[in-house]
Participant: 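Attaching a single structure in structure tokens format; questions to follow.
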Amino acid sequence: MKNFMKKLHSNGHSLIQNENTLSFVSFSEEEDKTYYYQYNGENLKEISKKEYVESKFGDKWDDISSQLEESNYSYIENIAKCWINEEGKRKLISLSEYYINTFGENWEDKYDINIIPHNIFSDVTNFMTCAIRNETICLLWPHNIILHFNEDDKLVQYILLETSDYYDTLYKICSDGQAVWGVSPTLNSVVKYKFPSFEIEKIYRYMPYEELPGKSEGISNEINVIYCENELTGLNYPEYISYIDEKLYICDMENKRIVTFNPNSGKIEQYISLNSKPFEFLKYKNQFVIQTDTGI
């Protein structure tokens, strides 16, 4: 079974850990086809894409998906917000304010633009979820869009996250019960968001000393740039972040390790060295599960 799973998942991603099952995706290059699987600790079975998506949300999926249908777009447009930088300060504005500020008063006459996709999942490569205070947070990747559902599974926020010089598109989010954390692989950054405002509270950006000249100027207080003596003192393409047993773990992909991350200092306290690049890391039935570039 282990060898079978390893073969299936050698080109896969998106592990989902529920109470009793482990679901994952496997892409076959030979067939140019994506398969979805579920494992209960003993048996492996193929499932549909719909079943896989449902496993991300559990019994919440019916309520959540119904709110994202085309008939509800007027409601989504009404609650959509965007984080912007204005005179060095972050500001959360409505979707209509965003268009007016960006394209002018009569933008509708000049542009055919909409940050809300016609089909909200049509061009989303992946969507990551986490739970905080009995509420569900969904990150649509690679669009940096946050969907926030309250404890009654009602969509209450649709937020286009701000990007900056210190982090690019976020790939994975998790919650420590108080805040939401994300990682940006391309700019070696870890971002902490306040909840429920999704305002940036802290950014840890890792860069080598040779990038130091000119970079320290204009860094605001919430940006903590950690300069690295070598690659192992920082992060190199952090792919995944998870909160397990009151600790934050990050897949430090290019350094081929899983690191324990101190959220107060941004320092790496411990790490597990691997022989391959880790993409995902979670706990399933008291065992750690690591998905790497060589399998699961």
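For clarity, every value in this text was computed on a predicted model and none was experimentally measured. All values below were derived from every heavy atom in this structure, side-chain atoms included, with hydrogens, water molecules and symmetry-related copies excluded. This chain uses plain numbering: 1 for the first residue, then up along the sequence.
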Participant: So does L160 get a backbone contact from the side chain of Y98, meaning a donor-acceptor N/O pair under 3.5 Å?
Facilitator: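 It does not hold such a pair.
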Participant: Do C251 and I258 touch side chain to side chain, with heavy atoms closer than 4.5 Å?
Facilitator: yes
Participant: As an exercise, state the distance from CZ of F288 to OH of Y249, rounded to the nearest 0.5 Å.
Facilitator: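 Taking CZ in F288 and OH in Y249, the distance rounds to 4.5 Å.
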Participant: Indicate yes or no: at least one non-hydrogen side-chain atom of E105 is less than 4.5 angstrom from one of I100.
Facilitator: yes
Participant: Just how far is it from atom CG of L22 to atom CG of N20, taken to the nearest 0.5 Å?
Facilitator: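 The distance works out to 11.5 Å.
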Participant: Is there side-chain contact between Y36 and T34, with heavy atoms separated by less than 4.5 Å?
Facilitator: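 When only atoms from C-beta onward are counted, T34 and Y36 do touch, with a gap below 4.5 Å.
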Participant: Answer whether the closest heavy-atom distance between the side chains of L235 and I268 falls below 4.5 Å.
Facilitator: yes
Participant: Does NZ or CZ of K172 fall inside the cone over Y240's six-membered ring, less than 6.0 Å from its centre and within 45° of the axis?
Facilitator: yes
Participant: Students often mix this up, so state it plainly: with edges at 30° and 60°, are the rings of Y39 and Y284 parallel, tilted or perpendicular?
Facilitator: tilted
Participant: For I146 and L161, work out which heavy atoms get closest and say how close.
Facilitator: CG1-CD1, 3.6 Å
Participant: Over all heavy atoms of both residues, which pair between G177 and I132 is shortest? Give the atoms and the distance, please.
Facilitator: O-CG1, 3.8 Å
Participant: Closest approach of S175 and Q178, non-hydrogen atoms and distance?
Facilitator: OG-N, 4.4 Å
Participant: In terms of heavy-atom contacts, does OH of Y243 have more than 12 from other residues, nucleotides or ligands at under 6.0 Å?
Facilitator: yes
Participant: Nearest 0.5 angstrom please: I272 CD1 to R257 CZ, how far?
Facilitator: 11.5 Å
Participant: Which residue, Q270, E269, K267, forms the side chain to side chain donor-acceptor pair (under 3.5 Å) with N262?
Facilitator: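 Considering Q270, E269, K267, a side chain to side chain donor-acceptor pair (under 3.5 Å) with N262 is found only for E269.
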Participant: About how many Å separate CG of D63 and NZ of K154, when rounded to the nearest 0.5 Å?
Facilitator: 12.5 Å
Participant: Around atom NZ of K247, are there more than 12 heavy atoms from other residues, nucleotides or ligands closer than 6.0 Å?
Facilitator: no
Participant: Has the side chain of D252 got a donor or acceptor atom that lies under 3.5 Å from a matching backbone atom of N236?
Facilitator: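 Pair found, side chain donor or acceptor close to backbone of N236.
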Participant: Got I200 and Y193 here, is their nearest side-chain heavy-atom distance under 4.5 Å?
Facilitator: yes
Participant: Mark yes or no for whether N188, through its side chain, and Y237, through its backbone, hold a donor-acceptor pair below 3.5 Å.
Facilitator: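 Yes; at least one donor-acceptor contact below 3.5 Å.
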Participant: For the pair W181 and Y204, name the ring-plane relationship: parallel under 30°, tilted 30 to 60°, perpendicular over 60°.
Facilitator: parallel
Participant: Could you tell me whether the side chain of Q67 and the main chain of F149 form a donor-acceptor pair under 3.5 Å?
Facilitator: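 The answer is no, because no donor-acceptor pair under 3.5 Å joins these two groups.
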Participant: Is the shortest side-chain heavy-atom distance between T186 and Y171 below 4.5 Å?
Facilitator: no
Participant: Check whether any side-chain heavy atom of K192 sits under 4.5 Å from a side-chain heavy atom of P263, and report yes or no.
Facilitator: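 A side-chain contact under 4.5 Å is absent here.
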Participant: Do you know which two heavy atoms are closest between G182 and L170, and how far apart they sit?
Facilitator: C-CD2, 4.3 Å
Participant: For the atom pair CG (N150) and CZ (R133), what is the distance rounded to the nearest 0.5 Å?
Facilitator: 13.5 Å
Participant: Do the non-hydrogen side-chain atoms of E77 and L95 ever get within less than 4.5 Å of each other?
Facilitator: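 SC-SC contact between E77 and L95 confirmed.
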Participant: Verify side-chain contact (heavy atoms from CB on, under 4.5 Å) between L92 and E199, making sure each step is shown before the conclusion.
Facilitator: CA-CA 8 Å; L92 189 64; E199 182 179 0; over 6 Å; no
Participant: Counting N and O atoms only, with roles assigned by atom type, does the side chain of K285 sit under 3.5 Å from a partner on the main chain of N40, one being a donor and the other an acceptor?
Facilitator: yes
Participant: Using the six-membered ring wherever Trp is involved, compare the ring planes of H148 and F198 and label them parallel, tilted or perpendicular (cut-offs 30° and 60°).
Facilitator: perpendicular
Participant: Look up atom CG in L282 and atom OG in S242, then write down how far apart they are to the nearest 0.5 Å.
Facilitator: 7.0 Å
Participant: If you look at every heavy atom in P238 and I250, which pair is closest and at what distance?
Facilitator: CB-CG2, 3.7 Å
Participant: What is the minimum heavy-atom distance between S265 and N224, and which atoms define it?
Facilitator: O-ND2, 4.2 Å
Participant: Should M253 and L187 be counted in the same cluster of Ile, Leu, Val, Met, Phe, Trp and Tyr side chains packed under 4.5 Å apart?
Facilitator: no
Participant: Is there a path from Y158 to V156 through hydrophobic residues (I, L, V, M, F, W, Y) whose side chains come within less than 4.5 Å of each other?
Facilitator: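 Per the 4.5 Å side-chain linkage, Y158 and V156 are not co-clustered.
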